[in-house]
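Remember, it's a predicted structure, so these values are computed and weren't measured experimentally.
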Amino acid sequence: MHKDIIAQLPIFMGLSESELSEIASNVPFAQHHHKKGSVIINAESTCNEMVIVTQGTMECETKSDDNSYRLVENIHAIHTLEPDKLYGLEQRYRSTYYALTPCESIAIAKDKFHELIDKYLIVRLNYLNMICRKSQKLEHNPWKACPADMKQRIVRFVKERSQYPAGSKKLFITMVHLASELSCSRLDVSVALNELANMERIILKRGIIEIPALQLL
């Protein structure tokens, strides 16, 4: 693995030139090329390696536990795929990742990652920061004030389920089911969605809410 590529990866940021050279020379990285449309990672597959997509754009699909709705979002490299699933009670991926464009990824086996976090304090801190950032965000979400405006309640619904708080999203859900999730009437949801559509913030299709840029909502 080339040292310059390693230096760009979030887990290795802050390491010295000599440390990066040592990792590039001694750590076995599995390198993968993913054709457009191919699966990079399947939901529910075991997470036994640290996977980082280094080039390309992915489509991430996440389904509700009862499979009643799903969210599809575009995520650009460089992106680490669910690093929190490497340890803990749920060591399986939550989402399925497809190559929206040709993608490149690298993978570090779990035992080799053990050696890295044991040897390099920076790697250990970077990994802890990834986990803590996600944990703190999830901890904070239930305490946010619920928006009174229905449009903002819908936006919050999408943001809370997104891996990345910007970019293109597609929510596959019926208005009836979205109203049930938000504990409101279908009419309220319909009015709010049509207002967002008239503002050109979303595109409405049958059973699909397309959001070209979540950061603009």
Side-chain angles (χ1 to χ4, degrees), residues 1-15 20-21 23-64 67 69-86 90-113 116 123 126-127 129-131 133-134 158-159 161-173 202-203 205 207-217:
M1 176 63 63
H2 198 282
K3 181 182 69 174
D4 291 341
I5 296 176
I6 294 176
Q8 297 177 49
L9 305 181
I11 197 70
F12 298 125
M13 286 185 175
L15 290 174
L20 290 169
S21 296
I23 290 172
S25 301
N26 299 324
V27 177
F29 291 88
Q31 297 179 287
H32 301 285
H33 173 74
H34 308 276
K35 294 181 179 179
K36 180 180 178 180
S38 63
V39 176
I40 300 173
I41 291 289
N42 268 311
E44 296 301 321
S45 60
T46 302
C47 181
N48 51 21
E49 55 188 4
M50 175 76 73
V51 179
I52 306 170
V53 176
T54 57
Q55 291 182 39
T57 301
M58 299 173 290
E59 192 171 73
C60 170
E61 179 186 63
T62 310
K63 297 180 180 179
S64 62
N67 290 318
Y69 66 93
R70 59 192 173 98
L71 178 69
V72 174
E73 53 187 313
N74 293 355
I75 301 178
H76 303 283
I78 297 173
H79 187 78
T80 306
L81 303 188
E82 303 185 31
D84 54 306
K85 301 303 191 305
L86 203 56
E90 296 292 335
Q91 295 182 28
R92 293 182 181 275
Y93 288 97
R94 181 72 178 84
S95 306
T96 297
Y97 300 85
Y98 302 92
L100 192 61
T101 67
C103 291
E104 302 289 335
S105 72
I106 63 169
I108 311 168
K110 191 171 183 176
D111 60 337
K112 296 301 179 182
F113 187 67
L116 286 171
V123 176
N126 286 341
Y127 180 68
N129 281 333
M130 287 182 184
I131 306 306
R133 184 163 56 246
K134 184 170 184 177
V158 176
K159 285 185 175 180
R161 287 156 180 79
S162 299
Q163 285 202 31
Y164 189 71
S168 172
K169 318 286 176 184
K170 289 183 182 179
L171 180 62
F172 293 78
I173 192 171
I202 66 172
I203 301 168
K205 297 180 180 179
I208 308 172
I209 303 168
E210 290 189 20
I211 305 170
L214 184 61
Q215 69 272 21
L216 297 181
L217 289 176

Euclidean distance, [Y] [atom2] relative to [X] [atom1], rounded to 0.5 Å:
| X | Y | atom1 | atom2 | answer |
| --- | --- | --- | --- | --- |
| C103 | E59 | SG | CD | 11.0 Å |
| C60 | L71 | SG | CG | 7.5 Å |
| I106 | I5 | CD1 | CD1 | 8.0 Å |
| T96 | M58 | OG1 | CE | 12.5 Å |
| D84 | K134 | CG | NZ | 3.5 Å |
| T46 | I41 | OG1 | CD1 | 10.5 Å |

Exercise. Considering residues, nucleotides and ligands other than E90, do more than 12 of their heavy atoms fall under 6.0 Å from its CD?
Worked result: no
For this session: Return yes when atom NZ of K85 has more than 12 non-hydrogen atoms of other residues, nucleotides or ligands closer than 6.0 Å, and no otherwise.
Result: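 Enclosed: over 12 neighbouring heavy atoms sit under 6.0 Å from NZ of K85.
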For this session: Determine, stepwise, if the pair K159 / L214 fulfils side chain to side chain contact (heavy atoms under 4.5 Å, CB included).
Result: CA-CA 8 Å; K159 285 185 175 180; L214 184 61; 3.8 Å; yes
Exercise. Considering all heavy atoms of both residues, which atom of S95 and which atom of T62 are nearest to each other, and what is their separation?
Worked result: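 For S95 and T62, the tightest heavy-atom pair comes out as OG-OG1, 2.6 Å.
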Problem set entry | Heavy-atom closest pair, residues I6 and F29 | CD1-CE1, 3.8 Å
Would a 4.5 Å heavy-atom cut-off, applied to side chains only, mark [X] and [Y] as touching?
| X | Y | answer |
| --- | --- | --- |
| L171 | I211 | no |
| I11 | M130 | yes |
| Y93 | N42 | no |
| Y97 | V51 | no |
| E49 | K110 | no |
| T101 | K36 | no |
| Y164 | K169 | yes |
| L116 | Y127 | no |

Exercise. Parallel, tilted or perpendicular: which describes the rings of H34 and H32, with under 30° parallel and over 60° perpendicular?
Worked result: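 Tilted, since the angle between the ring planes falls between 30° and 60°.
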Using a 3.5 Å distance criterion without hydrogens, assess whether the side chain of [X] forms a donor-acceptor pair with backbone atoms of [Y].
| X | Y | answer |
| --- | --- | --- |
| R70 | K63 | no |
| S38 | A99 | no |
| E104 | G56 | no |
| E73 | Q163 | yes |
| N126 | M13 | yes |

Exercise. Is R94 salt-bridged to E82, cutoff N-O under 4.0 Å?
Worked result: no
